[in-house]
Structures are given as C-alpha cells and as structure tokens.
Amino acid sequence: MQNLLEFAKTLGAPRIAAMGAVTVALVGFFAFIILRVTAPEMTPLFSNLTMDDSAAIAKELDREAVSYQLRGDGNVILVPRDRVARLRMQLAESGLPKGGGVGYEIFDHTDALGTTSFVQNIDAVRALEGELARTIRTLDRVEDARVHLVMPERPLFSRDKVEPSASIVLRVRGTLDPGQVRAIRHLVATAVNGLRPQRISIVDEAGNLLADGAGDENGTSDVGADERQVAFEKRLRQQVEQIVTSVVGPGHARVQVAADFDFNRVTETSDKYDPDGRVVRSSQTREESSASNAGNANQVTVGNEIPQGVQQRQAPGGEAGATPRDESRKSEETVNYEISKTTRTEVSEGGRVNRISVAVLVDGTYSKNDKGETVYKPRSKEEIDQIAALVRSAIGFDQKRGDQVEVVNLRFAEPLPQPLAAPGGWLTALHFSKDDIMQAIETVVMGLLGLAVLLLVVRPLVRRMLSPAGEPVAALPPAASAAPSEAGAAAVAQSGPTFSAEPSETSKMIDLAQVQGQVHAQSVQKVGEIADRNPGETVSIIRQWLHENAAA
C-alpha cells in the first residue's frame, strides 16, 4: 500500500483524473461493442399498423416481457428474430392485429335484447365494410383501404328499387394496373348482394379516379376505350413476339403493334317490303239485283202480283196484256292482301378494328470465324418472307381493311447480355442469408474498431500517463533512470562554478541518453529551464564539451 500511495503521489491528481476518465470511456466503449455484437437480431413483427393495433400489440409484448422496438411513427414493431413465429401465433390467438376498422367481431359482445333493428343494420354494414377493407389490404401494392357501402332500403308499396353502391379509397405503393382495379371492383361486387361492378368508385390517396361508379346499363364504362386498345395491342404483340422469337431466338426480335379502333356505337333500323310476297288476308263479295214495270209499277193489282212466268203463259207471243219491266244487277268484291315486310335493327358496339399495323425488327445471325472473332450475317429474303407470312396469319391480316405488316432485318446496336451464372459455392451450401452476412460484417467491423482503439488510443495514453518525471522506468537501466534526477538536483542545488564541477558525469549522462534514445520530455523541459536561469554556466559547459571533443 505504501508503494501504491507513493506511485499515486508521483502521478499527481490531474493524471489520476485523466486515467479515470479514460478508463470510464474505454469501459463504456467496449460495453457498447459487446452489447451491439451480442444483441439479438431484430426483425419486423408487423408493419403498416394502425395506432390502435400498435398500442394493443405493445401492451401484449410488455406483458410477455419481450424486448421490442418501434419504427416509422409506431406503425412497425421489431422483435427478436428467433421469436417472430411464436409471437405471431400468440397475437393471432388474441385477435391481433385487427387490421384497422371493425369486422364481424363487433357481434361478439353485443346484447341482442337491447339493440334496435336500426343499430343491428348499421353494425352489419360496418362489419361488412371492415372485412372488405381487410381483404383489400392483403393485395399486393395496397397499403391501406377504406370501404363505404350504401345499402338503400326499399320503401313499402314501392315498385322502384334503388341499387346499392360503394366507394373505395386506397393508399398504394406505386400504381395499380387496370386489371388490379377491375379485380378489386369485382371482389367487392360479389361480396355485396345486388351490387354491380359499374356502381363502385375507386380513388387513390392522391385523389386520382381509378374507377368511375357512374356506369351505364350496358356496362361499357367498366373498361375505358384506351384500356381496351392497349390490351388488344399488348395481346397481339405478345402473340407475334412469341412466334417470331421461336424462329430467330429469344432477344433477337422487337415487335410493335398499332391498332386503329372505332369506338362509335351505331344503332341502325331498316324496313324492307317484298312486292312479290303478297298473301290474301280477307275477301268479301256482294251482289244486288232489282226488276220493275214501266206503267203500273206503282199500282197494286192482281197482275202485278202474279209471277212473271204465269203472265207469259197467259199472254203468249207478246200479245196485249204484257207489260215492259226494268231489271238491274250489281256485283261488288273486296279483297285484302298482306304484304311481306322485314324489319332489321343492327347495333354496332364501339371497339371495331379499322386497321392494324405491325412492325417487326429481327436481328441477324452471329458466328465465329477462323480468328475467333464474331461475324454478323444478315438473314436471307426467303426467311424474312416466311416470318412476314407467319405474322400475317397471327394477326388475322385483312388486305381490304388496310392492314400493314413490315418485317425488317437490321443489326441490333448492343450485343445481347450474357445470362448471369447461378450463385454457387460454399455460400450456397451453407445457406447464408443476407441478414447473416450483414451480421457477420457488423461483428468484424466492431472487432477491428475495438482493436484500433486499443492500439492507437489506449496504448499511447497509458504509456504517457505511466511515465512521469523522476519515476523509474523498467525499460531503462538503473543508471539511465537515476542520472536525469541526479543531474536535475545538482543543477538546481548549485550555482555558478558548482554547476560545472562534474563535467565528466554530465557527458556520461548525455552519451548514455544518446545510446538509449529515450529522453523524457519533462527532463528536457527542466534542463531548458535551468539553462534559461543560468545562461553563463550553460555557455561554459558547452565550451568545455567542444574542447573535450576537439582533444579527443
């Protein structure tokens, strides 16, 4: 203890404080490295959580004493990687995360006796909206969704029925394809009774209208004109590219298709009459006859009442007694004919193809010459004609419609990229993942950083603090360690001629310091201070050294 106290006195209070500060800093630094290296790897447990779900999950993790981290304003929770599967199962058993909104669990804790029919209907709509929103969020590129359903009730004694409608607000990553938008519309339409896809509106978080809910009766607004044209051109391009690449090889053909569509909807009605196709529908015949005498036609006599045949027998030969008579006959016939008539109504829907243009660019062939160089060779005209014939057959070429097909053989500007080799070796055999590699790199970096701190910071500080003036150093001989202290004491104690009384001993000390190459900074500073206080003595000592060197 006495030696330790003497050593502490020789160091001094400032150096002891500096050593304590360095020790605390080093302990903290290495504790950070150890904790960082030995800390468990954190991985997301759930992401895109609502605040309610984040609070509920954090409460469950605190109850289970599980360490976790919150990222992204609380919508991402990180837990140790080796406990992810277990925690997900435990939280699923508790019904977490709920996914935002209210689903069918709203009916788990309700009192049916004290609930009116109006509240039950509202709860049913809320539950259906929540379940649809959760289902839509499971789709790719969809981060969040809200669904609003309008389920009108049919009034009593009403013949008109109002159709249900829906509106959906999406928060997406990137953009949605038209096919994905149609899929969402049909998904919601099939989940709600009586809802048509044309009655569903979809809007993204930027306010862009992805689908219009004001569809007509024919549903023509379900797919826009531009979408139909793009889909048609894409289908033809894929067909042509598939058949051409099977001939010239993958990557050796470029295909572009342009289609001219007529989106006008035309309704045409025509009536046609056939004059030769007459059919008798009805016939009516009417005949009338009348007879009268010239003289006594208006008198009532026995002769007038006697039939004509009797009168002729009574007066044969046209004798007197025969009276002249007036006779008239009338015949009328009415015939009705049915004329054949043809009524034709033709409705031409929009989207008729007026013209198709196809441009096909094919590359030539490449071969090696005798020198090993790659040589380009264009394709023959017969081969180009055969490719053009295949393209015409694939698109349904119609010359009357004005279709056009061009097949051109040109050399591509850039060579085809070589396929990347599949990863192999010992990394594949050991099944190292990206996370494992990053963790190993982090461990190596931390180790190198700790070693650099030890060699470049700790070691110089310790050596500097442990070598004060007057302290014996183990690396030096006893004479080397004692000589500077004796010289300093002699220089301080004596003045004038006494300082130069022992020139040989001073020369020996300087020679020994030159051999050893280790002169402490404090000793040199003290010698400089003594020389400043005694300039005359210093000059005499230097002159003596010069004379001794000259004599030697």
Side-chain angles (χ1 to χ4, degrees), residues 140-141 173-180 226-261 353-445 448:
D140 191 16
R141 297 185 184 178
R173 295 185 295 269
T175 57
L176 293 180
D177 298 333
Q180 294 175 325
D226 295 338
E227 297 178 7
R228 296 176 63 184
Q229 182 175 355
V230 170
F232 179 80
E233 293 176 351
K234 182 179 179 180
R235 179 173 58 85
L236 282 186
R237 183 171 62 252
Q238 291 177 351
Q239 292 177 357
V240 173
E241 190 171 0
Q242 183 178 4
I243 194 172
V244 173
T245 53
S246 63
V247 177
V248 301
H252 290 271
R254 301 290 185 271
V255 180
Q256 291 295 332
V257 178
D260 183 14
F261 274 74
V353 180
N354 293 334
R355 184 170 176 268
I356 300 177
S357 300
V358 181
V360 181
L361 177 63
V362 294
D363 197 6
T365 58
Y366 297 88
S367 59
K368 297 286 186 179
N369 57 9
D370 298 338
K371 298 180 180 180
E373 300 176 351
T374 302
V375 179
Y376 171 78
K377 180 180 179 182
R379 299 185 183 273
S380 61
K381 187 177 183 303
E382 292 78 6
E383 190 174 0
I384 297 298
D385 294 339
Q386 292 176 357
I387 294 175
L390 290 175
V391 174
R392 293 189 185 95
S393 301
I395 67 172
F397 181 82
D398 188 358
Q399 188 174 3
K400 296 180 180 180
R401 191 172 55 187
D403 295 348
Q404 185 178 2
V405 175
E406 292 291 340
V407 180
V408 181
N409 176 212
L410 292 175
R411 184 175 182 178
F412 286 2
E414 297 180 358
L416 296 176
Q418 298 294 332
L420 299 176
W426 61 274
L427 289 176
T428 305
L430 296 178
H431 299 285
F432 281 161
S433 63
K434 181 180 179 180
D435 297 335
D436 297 334
I437 296 176
M438 293 302 297
Q439 187 176 6
I441 293 175
E442 184 178 1
T443 304
V444 172
V445 170
L448 293 177

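Every heavy atom of this structure was used, including side-chain atoms; hydrogens, water molecules and symmetry mates were not.
- Residues satisfying the ring-ring contact (aromatic ring centres under 6.0 Å, His included) test with Tyr376, not counting sequence neighbours, are Tyr366.
- Between the CZ atom of Arg254 and the CZ atom of Phe412 there is a distance of 4.5 Å, given to the nearest 0.5 Å.
- Inter-residue side-chain proximity for Gln180 and Arg141 is flagged as met; some heavy-atom pair is nearer than 4.5 Å.
- Looking at Ser357, its side chain never comes within 3.5 Å of a backbone N or O of Gln404 through a donor-acceptor pair.
- Scored by the side chain to side chain contact (heavy atoms under 4.5 Å, CB included) test, Asp385 finds Lys381 as partners (sequence neighbours excluded).
- For the salt bridge (Lys or Arg N to Asp or Glu O under 4.0 Å) test, no residue two or more places apart in sequence or in another chain qualifies with Arg355.
- With hydrogens and angles ignored, the 3.5 Å screen pairs a side-chain donor or acceptor of Asn409 with a backbone N or O of Val362.
- Side-chain N or O atoms of Gln229 include one that pairs as donor or acceptor with a backbone N or O of Ala259 at under 3.5 Å.
- Considering NZ of Lys377 and CG of Asp363, their distance stands at 14.0 Å, rounded to 0.5 Å.
- Take Arg392 and apply the side chain to side chain contact (heavy atoms under 4.5 Å, CB included) test, not counting sequence neighbours, and it matches Ala388, Phe397, Val405.
- Looking at Asn369, its side chain does come within 3.5 Å of a backbone N or O of Lys371 through a donor-acceptor pair.
- Between Leu236 and Val358, every side-chain heavy-atom pair lies at or beyond the 4.5 Å cut-off.
- Looking at residues two or more places apart in sequence or on another chain, you find a salt bridge (Lys or Arg N to Asp or Glu O under 4.0 Å) between Arg401 and Asp403.
- By the 4.0 Å N-to-carboxylate-O rule, Arg237 lies too far from Glu241 to be salt-bridged with it.
- Asp260 is linked by a salt bridge (Lys or Arg N to Asp or Glu O under 4.0 Å) to nothing, counting only residues two or more places apart in sequence or in another chain.
- A donor-acceptor pair shorter than 3.5 Å can be found between the side chains of Thr374 and Lys368.
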Trace of the side chain to side chain contact (heavy atoms under 4.5 Å, CB included) decision for Leu361 with Leu410 = CA-CA 7 Å; Leu361 177 63; Leu410 292 175; 3.7 Å; yes
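- For the pair Phe232/Val257, no side-chain contact is recorded, criterion being any heavy-atom separation below 4.5 Å from C-beta on.
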